[in-house]
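Written below as structure tokens is the structure these notes are about.
Here the structure is a predicted model, which means the values were calculated and not measured. Below, chain A is the first sequence line, B the second, and so on; all start at residue 1.
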Amino acid sequence: MSLMAWLRRGLVAVLALVAVVALVPAADAQQPTSVNPRASSVQEDQLLRQLQQVDGRITIPDTRAGVLIQPSGREWQVFHQGTMRTVGAIAVLGVLALLVVFYVTRGRIMIDAGPSKSKILRFNTFERFVHWLTAGAFIALALTGLNITFGKSVLLPLIGPEAFTAVSQMGKYVHNYVSFPFMLGLVFMFLVWAVHNLPNATDVAWIKAGGGLLKKGVHPPAKKFNAGQKLIFWSVILGGTALSITGVILLFPFASGLSIADMQLAQIIHGLISLVLIGIMLAHIYIGSVGMEGALDAMASGEVDLNWAKEHHSLWVKEEAGKSAAVSRPAPAE
Amino acid sequence: MARMKFLCDADRCIECNACVTACKNEHEVPWGINRRRVVTINDGKPGERSISMACMHCTDAPCAAVCPVDCFYTTADAVVLHSKDLCIGCGYCFYACPFGAPQYPRVGNFGSRGKMDKCTYCAGGPEADGSQAEYVKYGANRLAEGKLPLCAEMCSTKSLLAGDGDIIAQIYRERVTKRGYGSGAWGWRTAYKETITV
Ligand code: HEM
Ligand code: SF4
Ligand code: SF4
């Protein structure tokens, strides 16, 4: 390297040094010296006032750990131990109490004309299979679900902690796996019965007559399903779908980036809808068994008493009579 | 008896993660389970702070309230512990916990989370103090030996404080008065329904 090159390099180095020395105090002078940089920091109370929760950066793979504080956990605690249990008590005990009152005042709804000699097929084997698939799964889900909500207050004191854990562990698996037959039952049920459950003009008259439930001898006309049954059908379909969606979210916690707030919301919806549906189902079970003479046959053997059918589903009986007449009419001569 | 609490003085925490490592080592915590973690708020911005967080051993603990099998209990030192023999791994305690403390050995599909694990305040579990059975399930029981949680004991900057709530609150108050600033007793309002006023 030539002497000139050395000099040029040296000069550049000196100039750079001068520049740095000159610039540093200048940069420093831009900072107000009276402020302590450590003192101006994020404040917990300020963050909590501005945001629902405090999030930050973490160095571990578990992204949920990035949530530092979520005070809404406390709100969820209040929901789960307060609202949920109150609504549950009303849905179960309240509905049972109403049914007892109804039974005492109205009594069992009998076939006014008395049992006839003949029967008519109301639900075929597949319809009955779908009903009991869904119903069986529902009862299993309701009992194991209610155990999650109330078991520690009802069952735990009776059988002790070890046995209760064993029951709850089993119950949890039952709830988690029986949900699939339930969802299958919902789909089938929709396919076989949705057409018969579309609202129509007869429903208005049926509702105006109180379904004939309140007074003896009153029988508003109805097709295959009356307005009350339609309401039950649609609450099962819509409520069951909502339970399925939220239930699957609970089955796969935090899947596809769901947050803790999403999980809490899923549980709240799942819990409340399940309780409402349990209340509705208690009334459904009552009227389908002890509450009405001849009703259970429809889902047991599938064949109902003709007089029962004429009283409760008059239009449907006419439709069926028309159909069978069409079938049994002798074939016209060619 | 003392009312045990944790307090992380965020103005001192340097995010060295020694508390996290100490905890993992002391209790032989399995892979994927973090009883303690350090969270950095406003990362890379002015006023950034790091906070070491584990179970806060809450007053009126949300986890204990929502647990469907009631497997939690609170010790005389106000430490919130649970029984892994009774836990059914439902994951509800994680939804209720304001601090993300409960951990599960498995991911959780089809309700298979396994037994919940969380910070025990180095106080073990329901088994006999210092027994092998207790160690295997819950880790070391330092409290029974008269020692405080290891994370706080070996914090290099003495940012993480563990001990009687009144005493650590007093230490924090003195620090804030002396240095003239403090970002707050993180989590105290939510965990203990009170905060430290200076
Ligand atoms: C349709 C599919 C369903 C799925 C996938 C599902 C799933 C779940 C899951 C994962 C939980 C959380 C508890 C646990 O892990 O065991 C749960 C709770 C619960 N489920 Fe379901 N479920 C379904 C349907 C139902 C139905 C039909 C009912 C009621 C009739 C019901 C009632 C409940 C109740 C009461 C709880 C407890 C709520 C609480 O106390 O927090 N579920 N369900
Ligand atoms: S911090 Fe979470 S796990 Fe610990 S006592 Fe509070 S709610 Fe329970
Ligand atoms: S995961 Fe275990 S400790 Fe947590 S709420 Fe469920 S049963 Fe209780």
Side chain to side chain contact (heavy atoms under 4.5 Å, CB included) evaluation trace for B:Y92 with A:I148: CA-CA 10 Å; B:Y92 274 28; A:I148 294 283; 3.8 Å; yes
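- Nearest heavy-atom pair, A:L68 versus B:I51, reported as atom, atom and distance to 0.1 Å: CD2-CD1, 3.8 Å.
- B:C63 does not touch chain A: none of its heavy atoms, backbone or side chain, sits under 4.5 Å away.
- Remark: B:R189 CZ to A:I69 CD1 distance equals 9.5 Å, nearest 0.5 Å.
- Checked for salt-bridge contact, B:R49 and A:E44 miss the test: no charged N lies under 4.0 Å from a carboxylate O.
- Counting only heavy atoms from C-beta outward, the side chains of A:T59 and B:E15 approach each other to under 4.5 Å.
- Side-chain contact check for A:D45 versus B:W186: every heavy-atom pair is 4.5 Å or farther apart.
- Annotation for B:C58 and A:R74: closest pair CB-NH2, 3.9 Å, computed over non-hydrogen atoms.
- For the pair A:I58 and B:V38, the tightest heavy-atom approach, listed with the atom from each and the gap, is CG2-O, 3.7 Å.
- For the set B:V69, B:V66, B:D70, the entry with the most heavy-atom pairs within less than 4.5 Å of chain A is B:V66.
- Note: B:G187 leads B:G184, B:G187, B:S50 in heavy-atom pairs under 4.5 Å with chain A.
- In A:Q52, the CD atom is not crowded: 12 or fewer heavy atoms of neighbouring residues, nucleotides or ligands sit closer than 6.0 Å.
- Panel note: side chain A:K152, backbone B:C67; a donor-acceptor pair is recorded below 3.5 Å.
- Proximity to chain B is limited to the side chain of A:L156, based on heavy atoms less than 4.5 angstrom apart.
- Annotation: maximal heavy-atom pairing with chain B below 4.5 Å, among A:I60, A:D55, A:L48, A:V54, occurs at A:I60.
- At a 4.5 Å heavy-atom cutoff, the contact between A:F254 and chain B is made by side-chain atoms alone.
- Here the shortest heavy-atom pairing between B:R113 and A:P253 reads NH2-CG, 3.1 Å.
- Within 6.0 Å of atom OH in B:Y135, more than 12 heavy atoms from other residues, nucleotides or ligands are found, so the atom counts as buried in its surroundings.
- One distance of note links CG of B:N34 with CZ of A:R64; it measures 10.5 Å at 0.5 Å rounding.
- Remark: the backbone N or O of B:Y95 is paired with a side-chain donor or acceptor of A:Q70 at under 3.5 angstrom.
- Side-chain atoms of A:M263 and B:F94, non-hydrogen and from C-beta on, never get closer than 4.5 Å to each other.
- In terms of heavy-atom pairs under 4.5 angstrom with chain A, the leader among B:G32, B:A65, B:C71 is B:A65.
- For chain A, the nearby part of B:C87 is the backbone; its heavy atoms alone come within less than 4.5 Å.
- Neither the backbone nor the side chain of A:Q46 comes within less than 4.5 Å of any heavy atom of chain B.
- If you measure heavy-atom distances from B:A101 to chain A, you find no contacts under 4.5 Å at all.
- Within the 4.5 angstrom heavy-atom criterion, only backbone atoms of A:V67 (N, CA, C, O) approach chain B.
- Contact annotation for B:A54: neither backbone nor side-chain heavy atoms come within less than 4.5 Å of a heavy atom of chain A.
- For the set A:M84, A:H175, A:Q264, the count of heavy-atom pairs under 4.5 angstrom toward chain B peaks at A:Q264.
- Nearest approach of A:Q77 to B:D60, heavy atoms of both residues: NE2-OD1, 3.3 Å.
- The candidate with the highest count of non-hydrogen atom pairs below 4.5 Å against chain B, out of A:G151, A:A65, A:S72, is A:A65.
- Looking at A:L155, there are no atoms closer than 4.5 Å to chain B (heavy atoms on both sides), in backbone or side chain.
- The distance from the CD1 atom of B:I88 to the CZ atom of A:F164 is 7.5 Å, given to the nearest 0.5 Å.
- Of the listed residues B:C97, B:A191, B:A96, the one with more heavy-atom pairs under 4.5 angstrom with chain A than any other is B:A96.
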